Amino acid sequence: MSEIKKIAVLTSGGDAPGMNAAIRSVVRTATYHDLHVFGISQGYHGMIEGEIKRLERKDVGNIIQRGGTILKTARSMEFMTEEGRKKAYESLQAFGIQGIVAIGGNGTYTGAKVFSEEYDVPIIGVPGTIDNDIYGTDYSIGFDTAINTAIEAVDRIRDTADSHSRLFFIEVMGRHSGYIALYTGIGSGAGNIFLPETEDSIDELITQLKRKGRRKKLFNLVIVAEGNKNGGAMEIAAKVKEQLDNFDSKVTIIGHLQRGGSPSCNDRVLASTLGHAAVTALINNEKSIAVGLKNGRVLYTTLTEAISKENEINKDLIEMARILAL
Ligand code: F6P
């Protein structure tokens, strides 16, 4: 039998479309099992400040389709200190909270691990980030929506790039991960994709573009992951321009557009599944684990493993993308 009667949910780090669907799932699964649920505002910052309020079933109505997070989010420096975590624990004690569902990325998981070791408060991590850089799940909540937003933007750029025979460098997010760039590049039929995980050469790009230029193909799309080792789209475009002045080149940084918007159906279903799995884990007295979905099945990973391993990029997809763009 579960000892847990009161739990809390928070969102932390960069927001991701589908976080609201996950909050809804946590609240509704918990109330179904007669647990009291609290929402912690602004992630670990709100935990420290005691910004905590009760959430009922009705409070999470009409949010499944909304981007962002109704709980707000933050990146808390104070939670990285012992003193900050002590204050956070005192807030939880004041509300009688016995378990937490923390929705976020690697930073969120790291905070959860340290805190649950220090204070023996069970925390279950739910992967919520557009970057898809979390070990223990095929996809993180928000990734699917972000890549769909990105390819919609690239499709629009393609129209104008084609009309003007221009070379476009399009930068996408992803921090140190190339997942967004790889999927956006494949999905939009880009000519080149610069990833953090590969040794992409600007000289090689220039050689390819010269070859295309001789065939009078001046319209080209290059997708650049923000974490690429050669720099962002601006830097790569500048280096290419130095050697290729017959190309009319432009740069677009899609930026935070990728973080907003109504979540895709895939993200809503993933978020609902993982929110439900996280509460089930708390009821089963699990501690310091993260939930994920692999090959369609819910999977539990320890927080230690989740933060120490990478969600490796699919090398076969990289090779396929190269062949399709030749
Ligand atoms: O982790 C999500 C993410 O959007 C990354 O892709 C990006 O590097 C970063 O957050 C941007 O963070 P901020 O919201 O602080 O601009």
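Read the numbers this way: they start at 1 and go in the same order the structure lists the ligands and their atoms. Everything numeric in this text was worked out from a predicted model, so none of it was measured. When reading the values below, keep in mind they use all heavy atoms of this one structure, side chains included, and skip hydrogens, waters and symmetry mates.
Of all heavy-atom pairs between Tyr44 and Ala112, the closest is OH-N, 3.2 Å. In plain terms, the two heavy atoms of Ala233 and Glu171 that are nearest each other are N-OE1, 2.8 Å.
Under 3.5 Å, the side chains of Ser264 and Asn266 contain no donor-acceptor pair of N or O atoms.
Scanning the protein for heavy atoms near atom 9 (C) of ligand 1, the closest one is Arg175 NH2, 3.6 Å. When hydrogens are left out, the protein atom nearest atom 13 (P) of ligand 1 is Arg75 NH1, 3.5 Å; that is the closest non-hydrogen contact. At the top of the distance list for atom 2 (C) of ligand 1, counting protein heavy atoms only, stands Asp131 OD2, 3.3 Å. Among protein heavy atoms, the minimum distance from atom 10 (O) of ligand 1 is reached at Arg259 NH1, 3.1 Å.
Which parts of ligand 1 touch Glu226 is read off a 4.0 Å heavy-atom cut-off, strictly below it: atoms 5 (C), 6 (O), 7 (C), 8 (O). For ligand 1 and His256, the ligand atoms under 4.0 Å from any heavy atom of the residue are 13 (P), 14 (O), 16 (O). Listed by number with element, the atoms of ligand 1 under 4.0 angstrom from any heavy atom of Gly174 are 6 (O).
Taking the six-membered ring wherever Trp is involved, the centroid distance between the rings of Phe194 and Phe169 does not fall below 6.0 Å.
Relative ring orientation between Tyr179 and Phe143 is described as perpendicular, the plane-to-plane angle rising above 60° on a 0-90° scale split at 30° and 60°.
Residue-ligand proximity: Gln258 is placed with every non-hydrogen atom at 4.0 Å or more from ligand 1.
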Verdict with reasoning, Glu152 to Arg156, per salt bridge (charged side-chain N to carboxylate O under 4.0 Å, His left out): CA-CA 6 Å; Glu152 190 188 332; Arg156 287 167 193 263; 2.9 Å; yes
